[in-house]
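Note that the structure is predicted; figures quoted are calculated from it, not measured.
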Protein chains: 2
Amino acid sequence: MSANPEKDNRMSESTKTTQKPRHHRCDTCDVRHKAMCAAVDYEHTDQLQAIVSHRDYAPGQVIFEEGDPADYVFNVSNGEVRLYKLLPDGRRQVTGFLTSGDFLGLVTDSSYAYGAEAIGQVELCCMQLGNLERLLSDIPPVRERLLDMSRDELAAAQEQMLLLGRKTAREKIFSFLLNRHNHLNRTDGDASVDLPMSRTDIADYLGLTIETVSRTFTALRDEGLIELPNPHHVIFPDMDAVRDAAEAA
Amino acid sequence: MSANPEKDNRMSESTKTTQKPRHHRCDTCDVRHKAMCAAVDYEHTDQLQAIVSHRDYAPGQVIFEEGDPADYVFNVSNGEVRLYKLLPDGRRQVTGFLTSGDFLGLVTDSSYAYGAEAIGQVELCCMQLGNLERLLSDIPPVRERLLDMSRDELAAAQEQMLLLGRKTAREKIFSFLLNRHNHLNRTDGDASVDLPMSRTDIADYLGLTIETVSRTFTALRDEGLIELPNPHHVIFPDMDAVRDAAEAA
DNA sequence: GGTTCGAATTGAGCCACGTCAATGAAACTT
DNA sequence: AAGTTTCATTGACGTGGCTCAATTCGAACC
């Protein structure tokens with residue numbers, strides 16, 4: 001079992017609502033096509049613009065905690081966010097990592113169903129829950145879009161259950177690396193993956209301890225399957241070999 | 001790691017589409033208030049009725065497999081269904097159990113994202129995917145309802161990730177029993193739980209082996225926390241004691 | 001250039017749970 | 001009612017990953 005306070009990473013409540021309202025324009029937003037907002041047509045862009053604002057978060061800063069009253073929902077415009085659930089004794093399960101375009105703010109009984117923290121510097125686009133609901137009734141395609149997005153999220157969640165319940169440490173690491181490679185690889189030929197999160201985050205995401213994560217990375221390095229120029233960057237010298245090894249076990 | 005062919009449980013492909021088209025009426029359907037259909041108003045009930053049909057499934061029968069082309073979506077009208085994902089070597093993760101009112105047929109790229117099998121005798125209400133989509137555009141509240149339902153499902157999935165990644169065998173069993181008790185307890189004072197599924201299903205749902213599930217049940221029985229008149233029925237002699245023990249670890 | 005401090009790595013030992021194997025208890029067949 | 005099959009339980013033993021405890025590495029400081 002792992003506990004992981006990450007004490008100092010967690011900013012005080014007072015800094016939590018730190019807000020530097022910049023002027024962002026929805027019509028030139030570069031993550032719009034990936035986000036929920038893609039379903040807002042040209043005519044309604046003004047309405048969208050009117051209800052969104054921006055917030056910046058420092059590394060480690062809490063965005064919201066599980067159970068907080070959910071007044072706002074968010075879109076990630078920049079940076080990486082971790083979602084997590086805690087047990088009373090501090091054990092943590094990271095349920096997902098979000099990047100630009102992802103929707104944030106799952107709600108049950110008008111409170112957040114999980115906690116969310118900035119991993120590095122993060123920029124969020126946010127709107128009040130009430131405004132989202134108004135948007136949903138005014139512009140039907142937005143609800144369709146949101147349904148599609150949560151359909152994908154649900155499929156990813158099931159895949160993660162398979163990983164957590166039935167895969168070995170080695171398989172978990174392989175799946176994690178290959179998933180990241182598939183989902184966020186910008187340039188096509190790039191056989192490398194960035195890992196902005198800490199070993200603790202990875203461990204809590206895969207249901208392992210930091211020691212096991214570290215040892216597994218080292219083992220893969222020693223086998224020549226990956227290179228580790230630094231703990232936050234993985235290079236695949238031979239992508240096919242990795243895929244073979246991943247399937248073998 | 002557990003493999004579990006459940007060979008003979010699996011009916012042949014030919015029996016798979018076994019269909020005994022009965023006459024069911026949406027306007028008197030007794031699971032309607034729990035299902036997606038609750039969002040279809042009185043005026044549209046005929047339209048709903050026109051596109052649904054019923055199917056019966058025998059215990060162990062495959063409803064669909066992961067990757068099958070998804071032509072139909074379903075509502076469970078009766079019985080219990082297991083959802084699962086498989087690894088190439090046969091290891092299985094049960095991702096959920098469904099009962100009456102639950103929606104079935106998560107789709108990605110127009111194929112099913114998981115497999116589904118009847119646990120006992122099962123009755124499903126089904127409609128073609130295209131008809132569902134037409135329903136969604138014709139009756140906006142249905143999409144809203146579906147979004148709400150998948151919101152809840154997603155929250156449950158995250159809870160399950162916490163269980164799989166961070167809880168001990170004992171805690172997993174406690175959570176499983178208490179969840180069942182909370183979610184499907186008909187009569188209010190009833191301190192018991194039915195477990196229609198096999199030990200293998202439970203093990204694959206909790207990321208354990210059948211032996212560990214069995215041993216944990218026995219341990220709880222020996223401690224006087226539960227009674228086991230038979231493997232498919234659990235009685236809690238002292239509900240509060242169970243809740244305390246569950247929190248203690 | 002040395003100090004500090006957090007994160008990552010490495011080592012040694014252990015234990016919760018898995019594996020393998022036997023037994024028990026129902027339900028089904030004939 | 002004896003044989004067969006399936007599922008659950010129980011026992012003996014092994015091990016993958018956890019725990020506890022050092023190092024090591026780097027970045028940010030004077």
Side-chain angles (χ1 to χ4, degrees), chain A residues 1-10 59-60 82 89-93 119-120 163-174 195-222 226-234 249, chain B residues 1-10 58-60 82 89-93 119-120 163-174 195-204 206-222 226-234 249:
Chain A
M1 309 304 106
S2 103
N4 40 16
E6 291 208 76
K7 319 118 197 167
D8 57 354
N9 254 3
R10 179 143 146 198
R82 63 172 165 256
D89 64 0
R91 278 174 289 171
R92 186 180 72 158
Q93 179 66 37
I119 290 177
L163 178 148
L164 289 169
R166 288 300 178 219
K167 291 187 184 177
T168 65
R170 197 180 156 91
E171 291 171 323
K172 287 175 175 181
I173 296 286
F174 272 131
L195 305 174
M197 70 292 290
S198 68
R199 290 290 185 265
T200 303
D201 287 340
I202 298 175
D204 285 350
Y205 181 57
L206 300 178
L208 299 171
T209 59
I210 39 171
E211 292 93 334
T212 300
V213 170
S214 185
R215 274 189 258 268
T216 306
F217 274 126
T218 314
L220 299 184
R221 173 169 52 66
D222 292 350
I226 62 171
E227 289 169 29
L228 276 169
N230 70 65
H232 296 283
H233 198 190
V234 174
Chain B
M1 306 305 106
S2 102
N4 38 18
E6 292 208 73
K7 318 117 199 167
D8 58 353
N9 256 0
R10 180 144 144 195
R82 62 172 165 257
D89 64 0
R91 279 174 287 170
R92 185 180 73 157
Q93 179 66 36
I119 289 177
L163 177 147
L164 290 169
R166 288 298 178 223
K167 290 187 184 176
T168 64
R170 198 181 156 90
E171 290 170 326
K172 286 174 175 181
I173 296 285
F174 272 131
L195 305 175
M197 69 292 290
S198 68
R199 291 288 185 266
T200 304
D201 287 341
I202 298 175
D204 286 349
L206 300 178
L208 299 171
T209 58
I210 40 170
E211 292 93 334
T212 300
V213 170
S214 185
R215 275 189 258 268
T216 307
F217 273 126
T218 313
L220 298 185
R221 173 169 53 65
D222 292 350
I226 61 171
E227 289 168 28
L228 275 171
N230 69 66
H232 297 283
H233 199 195
V234 174

Which heavy atom of B/Arg199 sits nearest a heavy atom of B/Leu228, and at what distance? NH2-CD2, 4.3 Å

Which heavy atom in B/Thr216 sits nearest to a heavy atom in B/Thr212, and how many Å separate them?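 Taking every non-hydrogen atom into account, OG1-O, 2.6 Å.
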
Specify the angle, to 10°, made by the local axes at the two ends of the helix from C/dG1-D/dC30 to C/dT30-D/dA1 when five pairs are taken at each end.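 End axes: 30° apart.
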
Expressed in angstrom and rounded to an integer, what is the separation of [X] atom [atom1] from [N] atom [atom2]?
| X | N | atom1 | atom2 | value |
| --- | --- | --- | --- | --- |
| B/Glu211 | D/dC13 | CD | P | 16 Å |
| A/Leu228 | D/dT24 | CG | C1' | 15 Å |
| B/Asp222 | D/dG11 | CG | C1' | 15 Å |
| B/Met197 | D/dC7 | CE | C1' | 15 Å |
| B/Ile173 | C/dC17 | CD1 | P | 11 Å |
| A/Arg170 | D/dT15 | CZ | P | 18 Å |
| A/Ile210 | D/dC20 | CD1 | P | 12 Å |
| A/Leu206 | D/dG16 | CG | P | 19 Å |

Options [options], nucleotide nearest the side-chain atoms of [X]:
| X | options | answer |
| --- | --- | --- |
| A/Leu208 | C/dC17, C/dG11, D/dG17 | D/dG17 |
| A/Ser198 | C/dT19, D/dT10, C/dA8 | C/dA8 |
| B/Ser214 | D/dG17, D/dT9, C/dC20 | D/dT9 |

Please report the interatomic distance [atom1]([X]) to [atom2]([Y]), rounded to the nearest 0.5 Å.
| X | Y | atom1 | atom2 | value |
| --- | --- | --- | --- | --- |
| B/Ile210 | B/Arg215 | CD1 | CZ | 10.0 Å |
| A/Ser214 | A/Leu208 | OG | CG | 12.0 Å |
| A/Phe174 | A/Leu163 | CZ | CG | 13.0 Å |

Would you classify A/Thr218 as touching base, sugar-phosphate or nothing, given that sugar-phosphate means primed atoms plus P, OP1 and OP2, and contacts are heavy atoms under 4.0 Å? sugar-phosphate

Hey, is the side chain of [X] poking within less than 4.0 Å of OP1 or OP2 on [N], counting only N and O atoms?
| X | N | answer |
| --- | --- | --- |
| A/Thr212 | D/dC18 | yes |
| B/His232 | D/dA8 | yes |
| A/Arg215 | C/dT9 | no |
| B/Thr209 | C/dG18 | yes |
| B/Arg199 | D/dT10 | no |

Check A/Asp201 with A/Arg92, please: is the shortest side-chain N to carboxylate O separation under 4.0 Å? yes

side-chain contact (heavy atoms from CB on, under 4.5 Å) between B/Lys172 and B/Val213: does it pass, once the steps are laid out? CA-CA 9 Å; B/Lys172 286 174 175 181; B/Val213 170; over 6 Å; no

